[in-house]
Amino acid sequence: MADVPVIAFAGNPNSGKTSLFNALTGAHQHVANYPGVTVDVKHGRHTLEDGTEVRVLDLPGTYSLTAYSAEEKVARQALTDHGAVAIVCVVDASNLERNLYLLTQVAELGIPVVVALNMMDEAERMGLGIDLDRLEGLLGVPVVPTVGRRGEGARRLIETAARAASNGDRPKPFEMSAHVEEALAEVVPLIEGAVDGQPERARFLAIKLLERDPELIADLERKLPSEALDRIDEVRADLETHLGDDPEILVADDRYGIAAGITREVIRPSASGRARTAERVDSVLTNRILGLPILLLMMWALFEGVFRLGAPLSDGIELGFGWLASVVSHAMPDGPLRSLVVDGVISGVGGVLVFIPQVLLLFLGISIMEDTGYLARAAFVVDRIMHTFGLHGKSFIPMLLGFGCSVPAVMATRILNDPKDRLATILVIPWMSCSARLPVYALLIGVFFRPEHGGLVLMSLYLLGVVLAVIAARVFRGTLFKGESAPFVMELPPYRMPTARAVVSHMWERAWLYIQKAGTTILAMSVLMWALSSFPKPPPDSTHSELEYSIAGRAGKTLEPAMQPAGFDWKLTVALFTGLAAKEVVVSSLSTIYGVKADAGEEGGIPKLRESLRQDPAMSPLVAYGFMVFVLLYIPCVSTVVIVAREAGGWKWAGFLVLYTTIVAWVVAAIIHQAGRHLLGL
Amino acid sequence: MTENLSSSMEDYLEVIYELSDGGKGVRVKQIADRLGVSLPSVTSALKTLREAGLVNHERYRAVELTPQGRERADALIRRHDALVRFLTEILLIDVETAEQEACHMEHAIGPTTLQRLVNFLQSVQRCPRGDPRWLGRLHARWRGEPCDDPCEPCVLMLESPLEGVDASEGGNGEALQGLMPLSSLGPGVRCIVRHVRGRGPNRRRLADMGICRGVPLEVEKVAPLGDPIDIKVRGYHLCLRKDEAARILVEPAADSS
């Protein structure tokens, strides 16, 4: 591993860094048009023209290299820790000034740098002519124009980077204002002993010292004599007295001065037609009056689309599994093995895979919103509301992702810099109804509600989750996590037409997780549930049915009294119990529970389950609704609990999550059931 | 600047300035009486001051300040006044004690600290955030009156000092006058950033996003519920909550609507 040279990709969020990375390494990965989704450092491999292999790192998108946010720390560490031989700094040509600000910092690390001038197509459409030779001359590093989304220029880029690495062309640092340069000239000689044999890093460290970078200061304080530290403090104080501002800000001002100067020299702007179109679109989407209704409409369209378009596709898959079950039934001799295959495996896994179309559509919708840049606008529109509940506008993003799956959503909370905001968001994400709950809703709504009410019932469940989540967040922010939120400073990325490839791979990546779960956890749980609900077999003279006599039946019956106030009988209780593994298992458990009860199978699968549910006297629309609410609110699946423990930094928070969600689920379901029966007479 | 004077020399300079009352000659006797010192000490002090080019004094003639001496004394008096005002108006110390203590403090205090004190006074008394309530609360607390608002926010605010104005802006802080917080501007207004309040990570974040002194920006729009706002800066769109925007002091551009 160590002998393979490393080339790191750094750049602003939305600079198209990940597209270029994908074009080179072929790795399928998340290309998100939302600032800061990529937090992990991604690795890939690429073979150069001369046959040598290089390792390519995709760093998190950052605007700067401070120690103030998780992404920036990760990026900075990765740049130095992995021993990169060259850095590719991806610069958005349509937003040169701010992107060059990062370059001024990257160029100080003492590592060869190549600039990828990305999104050249967009800059051209905006009518921005960029003088490449002049830019290269001013920056003092090679500049390669690229179009990341089409992979144009990617190969030339990596070859240039490899050449820069082998020539050892370190960029010349940019010159700051006179006062800052004087201060640096004083500090650099003082820290020569602490640069670990990398004199080219001295300037970078000196700047970080003047900026009082909390991480590097701690490190250097151990290595430097106290006289040197005192002198550095003096230099810093002098600088502050002379220029009347924090040196950290003075340095930032200087960097922007450099970036703005270069931008002015290399760009020939002209009238831009497309930018104005985008602004017109934006003025509608974030309009003072229309903004919120449009957001609600988008959400409604998403859920309606998932339900309406998904249904016929599901029916097709269902037919397929029904056919498969009948083929297997005919081919195999009657007995426990056939029962295992047909009632356990096929109906269990089939019951989950039937909902693949809905899951794909949901992820498709979220991916499109993300890649077009609408998601950030949505955060802009709802921030005022999120703020009221003590959350950050950005919390909206993980919460929305929570509609897909809680696991990536919890991981996406890393975009929140403030730990308090982050924990509060993590704890309420499980109430964003994830796609695994959708099969349960789809099944029960299909059986107990009229088709024209389907969308409405579904939306009410999602809304209930959101409302409770928001209330819980408010409570948490007022009790567990007191204090001011982090500042809300967020880029609104330009609107971009997402490429079909990006959206589809994005959608597929997430849906694949769901399918994998169907193949592993859910398959195992289906078989386990089949066993638990088939054995022990009742004696021939028993009046009990097979399931009632089985272990699962008995466990459900034991727990039944506790669930009585919510109106759940033992069958539903058993299903909920198995849902701990993953919420979609509730459906396969119900299939198994009702499937076993009916005659072992000619035609397995969902239609039979629907019929059994409809005919069960213990079920009613009210019970079904209460059940769906319970499924929405109670303990999230095992994977979510595990990821919460990891991301929130301890099992304490995971345990707390399990406890509070279950209590709330029981209370709300009981209220719905009791109120429905006694007040509405349902 | 001129070389440092000892604290007693500063006292002499101040007294001469006060006694001269706009240009009259001052007699050695007057000075000795005012400071309660002997005539020879005054004479030797005047010698030092003359060598420093701050006073004109011939034997048996009235003492006069040179233009440099006047300027220097003027600065000293302002420093004294600023301290007295700070002690009486902000810390609620009675005038007599304040005068005495200011006499001691003024010699010990450096130019930066004094500058900050002056800025602090000005900022508090012309608080552009329009919320001087915290000072009222603080005073109420010192007077032993019950505080109905939670004091935590005020204390937090005191801990993050308002920072100094540019050295080039001199001691008057005039440059901050006529500026408006970005949060008070409506859509379509163009302006130039003149000052950003605060320190630490939040200020740095704004700087990293390109909000520096002198950068032009334009308020694009306000979110449907009135907060946050979308501004265009350095060719891209940035959204900020009004809390953050209030820290950014801007000067509206002449051509804005």
Side-chain angles (χ1 to χ4, degrees), chain A residues 62-64 66 68-69 72 92 94-98 101-102 211 237 240-246 248-249 251-253 255-257 259-260 263 279 282-283 286-293 295 376 379-385 387-388 393 417 484-494, chain B residues 110-113 115-116 119 152-153 156 163-170 175 187 193 195-196 198-216 220-245 247-248:
Chain A
T62 62
Y63 299 105
S64 184
T66 64
Y68 293 137
S69 81
E72 294 184 21
D92 176 357
S94 64
N95 187 357
L96 203 53
E97 192 169 330
R98 199 199 61 220
Y101 174 76
L102 179 69
E211 291 179 340
E240 181 156 0
T241 322
H242 272 97
L243 298 181
D245 212 337
D246 194 336
E248 176 173 47
I249 302 303
V251 170
D253 282 5
R255 291 188 192 283
Y256 261 111
T263 306
E279 258 156 41
D282 195 53
S283 70
T286 58
N287 184 276
R288 289 206 79 147
I289 297 153
L290 297 175
L292 271 174
L295 177 62
F380 174 72
V381 168
V382 298
D383 177 67
R384 184 71 191 73
I385 304 174
H387 195 35
T388 311
N417 296 336
E484 268 302 297
S485 325
F488 184 75
V489 178
M490 183 182 74
E491 181 192 358
L492 292 173
Chain B
T112 309
T113 311
Q115 184 64 59
R116 296 285 158 96
N119 295 154
E152 207 177 319
L156 278 176
E163 61 197 296
V165 192
D166 246 29
S168 60
E169 286 167 3
V193 175
H195 189 73
V196 184
R199 284 184 92 94
N202 296 357
R203 169 89 193 277
R204 174 62 188 267
R205 179 88 176 130
L206 289 174
D208 280 342
M209 299 309 284
I211 299 189
C212 311
R213 246 177 290 187
V215 71
E220 281 282 321
K221 58 184 171 288
V222 177
L225 299 164
D227 198 13
I229 59 171
D230 168 10
I231 59 168
K232 196 162 188 192
V233 59
R234 300 189 190 270
Y236 80 99
H237 288 264
L238 183 69
C239 89
L240 296 172
R241 270 190 201 147
K242 289 204 163 164
D243 292 352
E244 271 86 44
R247 295 146 51 94
I248 302 167

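Treat the numbers as computed from the prediction; the structure is a model and nothing was measured. The figures that follow rest on heavy atoms only: side chains count, while hydrogens, waters and symmetry mates do not. Proteins get letters first, then strands, A, B, ... in listed order; numbering begins at 1 in each.
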Per-residue tally against chain B (heavy atom, under 4.5 Å) across A:D383, A:V382, A:L292 peaks at A:D383

Is any side-chain heavy atom of B:R204 less than 4.5 Å from a side-chain heavy atom of A:S64?
yes

Which atoms of A:Y101 are under 4.5 Å from chain B, going by heavy atoms: the side chain, the backbone, both sets, or neither?
side chain

Of all of B:G210, B:G235, B:G214, which one pairs up most often with chain A through heavy atoms under 4.5 Å apart?
B:G210

Would you confirm whether B:D230, through its side chain, and B:E220, through its main-chain N or O, come within 3.5 Å as a donor-acceptor pair?
no

Exercise: do A:E72 and A:T66 side chains pair donor with acceptor under 3.5 Å:
yes

For a quick test of reading the model, state the closest non-hydrogen atom pair linking A:N95 to A:R98 and the distance between them.
ND2-NH1, 3.4 Å

Pick whichever of A:T263, A:D282, A:L96 has the most heavy-atom pairs under 4.5 Å with chain B.
A:D282

Please step through side-chain contact (heavy atoms from CB on, under 4.5 Å) for the pair A:T62 and B:D208, ending with a clear verdict.
CA-CA 10 Å; A:T62 62; B:D208 280 342; over 6 Å; no

Measuring heavy-atom distances to chain B, does A:D253 have an atom under 4.5 Å in its side chain, in its backbone, in both, or in neither?
both

Under 4.5 Å from any heavy atom of chain A - which part of B:L206
side chain

